[in-house]
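In this text, all values refer to a predicted model and were calculated from it rather than measured experimentally.
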Amino acid sequence: MKALCWHGKHDIRYDTVPDPILEHPGDAIIKVSACAICGSDLHLFDGFMPQMKSGDVMGHEFMGEVVEVGSETRRLKVGDRVVIPFTITCGECDQCRRGNFSVCERTNRNADAAAKMFGHSTAGLFGYTHLTGGYAGGQAEFVRVPWADTTHIPVPPELSDDQVLFLGDILPTGWQAAMQCEIAPTDTVAIWGAGPVGQMAVRSAVLLNARQVICIDDVPERLKMASDGGAIPINFEKESVVDRLNALTQGKGPDKCIDAVGMESHSASAMGGMVDRVKQAVGAETDRPHVLREMIYVCRPGGVLSVPGVYGGMIDKIPFGASMNKGLTWRMGQTHVRRWTDELLDLIVKGRIDPSFVITHHEQLQAGPDMYKTFRDKVDGCIKVVLKP
């Protein structure tokens, strides 16, 4: 089959790879009908996540049709149409029973290596680093889905691929980011990043009745999309984020802050951005935490910092004293996708949200290597790329 494979920094190739096979009676094989390039894929593309291997199949946002099931798979049959969450979940361990699906205790087949780095293992993830299991991803013609009975989202036939594809990642990620804030009707919610997750966080905060939603980015097309969704845009290249947030909140600061950027954040200050990049280059830190610093500084005392943005290692110069003295609450983590998808699917069916608004590019799978570069460079207002095998 054909797949998009990682071969090093900025080196994604359209390769021929072996077809997946059933490796366990609880597996299923999915024929992919649509997949997408995610912001988290860019962290791999840019070489910031450790434990990638040449030839790894990319992609953790995909859906399709079941074409084969193992003998112990009970809830799926050939012909079923499903979205696959990026988190692989057993549904039976202590964490899964608590709804903490992204830290499933059984699905990371490289759990020992992950525990050495993080203290404990996360769940297995599709199309990501070998620290999360090294599972082949969904930017391919076919995918093996382990723990298939619990690692799928059934979708109704009347909804298009574009409407439901993002149930596997960015929609529940933006929703969880907002839910972690415990939004009250009096709250101002500030969201850093107007990429796909930021856009979903904007719509989620609006649906959850925030009084005011603000979105911070530097790409005009992204800010326009956030504005269309109900957010007040701030272009950090053209105005002071701190000054504008204070003006919009009468000097009190936003009640809730969401980091939808993660490890590759940019600073409007040339010096600040350069310092982080130099630290990355010499190994003094692995991630650029400008957004975290800014959120700590501007957030209203007693507020919440929600972090759906991915971080992979060590960061430097975090004003933790300010965070402690202001009494800020931190909530973060990979998305517990299946905790939210029944509710979100219902919102889609009822027409309260249509996640397809975020799609700016439809391409065939073979265009993937070029689209990675387009997405990375934000060419032509590129916000979300959907690929068809």
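- Scanning both residues, I183 and N209, for their nearest heavy atoms gives CG2-C, 4.4 Å.
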*Report the C-alpha distance between H361 and V386 in whole Å, list the side-chain angles of each, state the deciding distance to 0.1 Å, and finish with yes or no for side-chain contact (heavy atoms from CB on, under 4.5 Å).*
CA-CA 6 Å; H361 293 67; V386 173; over 6 Å; no

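- A side-chain N or O of D161 and one of S33 form a donor-acceptor pair less than 3.5 Å apart.
- A donor and an acceptor atom, one from each side chain of H336 and Q176, are nowhere located under 3.5 Å apart.
- Within a 6.0 Å sphere centred on NE2 of H120, heavy atoms belonging to other residues, nucleotides or ligands number 12 at most.
- Closest approach of A140 to V57, counting heavy atoms only: CB-CG1, 4.2 Å.
- With no hydrogens or angles considered, no side-chain donor-acceptor pair links T249 and R300 at under 3.5 Å.
- A donor atom on one side chain and an acceptor atom on the other are not found under 3.5 Å apart for W147 and T89.
- At a threshold of 4.5 Å between non-hydrogen side-chain atoms, the residues V304 and C257 do not count as touching.
- With hydrogens and angles left out, the side-chain atoms of D80 and H152 include no donor and acceptor closer than 3.5 Å.
- Atom CE of M117 sits in a crowded spot, with more than 12 heavy atoms from other residues, nucleotides or ligands closer than 6.0 Å.
- Side-chain contact between I214 and I234 is present, with at least one heavy-atom pair separated by less than 4.5 Å.
- Atom-to-atom distance recorded for L167:CG and I84:CD1 is 11.5 Å, nearest 0.5 angstrom.
- Using a distance-only test at 3.5 Å, with no hydrogens or angles considered, no donor-acceptor pair links the side chain of D316 to the main chain of E285.
- Remark: side-chain polar atoms of D218 are not paired, donor with acceptor, to backbone N or O of F236 under 3.5 angstrom.
- Closest approach of C5 and V17 over heavy atoms only: SG-CG1, 3.7 Å.
- Shortest non-hydrogen contact noted between W6 and L44 is NE1-O, 2.9 Å.
- The CG atom of L347 sits 11.0 Å away from the CG atom of D342 when rounded to the nearest 0.5 Å.
- Counted by atom type alone, Y14 and Q139 present zero donor-acceptor pairs between their side chains at under 3.5 Å.
- Side-chain contact between R352 and R203: absent, with no pair of heavy atoms (C-beta onward) separated by less than 4.5 Å.
- Under the 4.5 Å side-chain criterion, counting only non-hydrogen atoms from C-beta, T360 is not in contact with V385.
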*From CA spacing to verdict: side-chain contact (heavy atoms from CB on, under 4.5 Å), L305, I296*: CA-CA 8 Å; L305 308 183; I296 291 170; 3.8 Å; yes

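- Hydrophobic clustering (side-chain heavy atoms under 4.5 Å, transitive across Ile, Leu, Val, Met, Phe, Trp, Tyr) keeps V379 apart from L387.
- Using a 4.0 Å cut-off between a side-chain N of Lys or Arg and a carboxylate O of Asp or Glu, E264 and R376 qualify as a salt bridge.
- In this structure, the side chains of E221 and K378 stay at 4.5 Å or more apart for every pair of heavy atoms.
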*List the steps and the verdict of side-chain contact (heavy atoms from CB on, under 4.5 Å) for V241 and W192.*
CA-CA 10 Å; V241 174; W192 278 255; 4.2 Å; yes

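- Linking Ile, Leu, Val, Met, Phe, Trp and Tyr whenever their side-chain heavy atoms come within less than 4.5 Å leaves L76 and L345 in two separate clusters.
- With respect to R338, the side-chain contact (heavy atoms from CB on, under 4.5 Å) criterion is satisfied by exactly one of P85, S102, C96, P172: P85.
- Ring-centre distance between H60 and F86: below the 6.0 Å cut-off.
- The CG atom of L131 lies 8.0 Å from the OG1 atom of T122; values are rounded to the nearest 0.5 Å.
- With rounding to the nearest 0.5 angstrom, the CD atom of E343 is 5.0 Å from the CH2 atom of W175.
- Linking Ile, Leu, Val, Met, Phe, Trp and Tyr residues whenever their side-chain heavy atoms come within less than 4.5 Å leaves V69 and V67 in two separate clusters.
- Cation-pi geometry between K9 and F45 is not met at under 6.0 angstrom from the ring centre and within 45 degrees of the axis.
- Salt-bridge check for K256 with E182: failed, with every basic side-chain N at 4.0 Å or more from each acidic carboxylate O.
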*For F126 and F62, what are the C-alpha separation, side-chain angles and deciding distance, and is it a ring-ring contact (aromatic ring centres under 6.0 Å, His included)?*
CA-CA 10 Å; F126 287 104; F62 61 98; 5.3 Å; yes

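- Between the CG atom of L171 and the CD1 atom of I353 there is a distance of 5.0 Å, given to the nearest 0.5 Å.
- Salt-bridge formation is not detected for the pair R81/E65: no Lys NZ or Arg NE/NH1/NH2 atom is positioned less than 4.0 Å from an Asp or Glu carboxylate oxygen.
- Counting only distance, with no hydrogens or angles, the side chain of R74 and the backbone of S71 share a donor-acceptor pair below 3.5 Å.
- With salt bridges taken as basic N to acidic carboxylate O contacts below 4.0 Å, one links R144 and E23.
- A donor and an acceptor atom, one from each side chain of S160 and D162, are nowhere located under 3.5 Å apart.
- Counting only heavy atoms from C-beta outward, the side chains of V32 and E141 never approach each other to under 4.5 Å.
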_Set out, in order, the CA-CA distance, both residues' side-chain angles and the distance that settles side-chain contact (heavy atoms from CB on, under 4.5 Å) for S121 and D112, then state yes or no._
CA-CA 7 Å; S121 173; D112 289 345; over 6 Å; no

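- Other residues, nucleotides and ligands place no more than 12 heavy atoms under 6.0 Å from the NZ atom of K224.
- Between Q334 and L125, the closest side-chain pair of non-hydrogen atoms falls below 4.5 Å.
- Within the 4.5 Å cutoff, side-chain heavy atoms of V337 are placed close to those of I153.
- For P289 against D287, the heavy-atom pair with the smallest separation is CD-O, 3.2 Å.
- A single hydrophobic cluster is seen to contain both M200 and M63, as judged by linkage of ILVMFWY side chains at heavy-atom distances under 4.5 Å, directly or through other members.
- Residue E61 comes nearest to F166 through the heavy atom pair OE2-CD2, 3.5 Å, listed as atom of the first residue, atom of the second, then distance.
- No salt bridge links D15 with K2; every basic N to acidic carboxylate O contact stays at or beyond 4.0 Å.
- For the residue pair Q212 / D187, no side-chain donor-acceptor distance below 3.5 Å is found, with atom types taken as modelled.
- Summarising the local packing, NZ of K317 is surrounded by 12 or fewer heavy atoms from other residues, nucleotides or ligands at distances under 6.0 Å.
- Atom OG1 of T129 and atom NE2 of H43 lie 13.0 Å apart (nearest 0.5 Å).
- Cation-pi geometry between R288 and Y311 is not satisfied (NZ or CZ under 6.0 Å from the ring centre, within 45° of the ring normal).
- Residues Y128 and L165 share a hydrophobic cluster, clusters being chains of Ile/Leu/Val/Met/Phe/Trp/Tyr side chains in contact below 4.5 Å.
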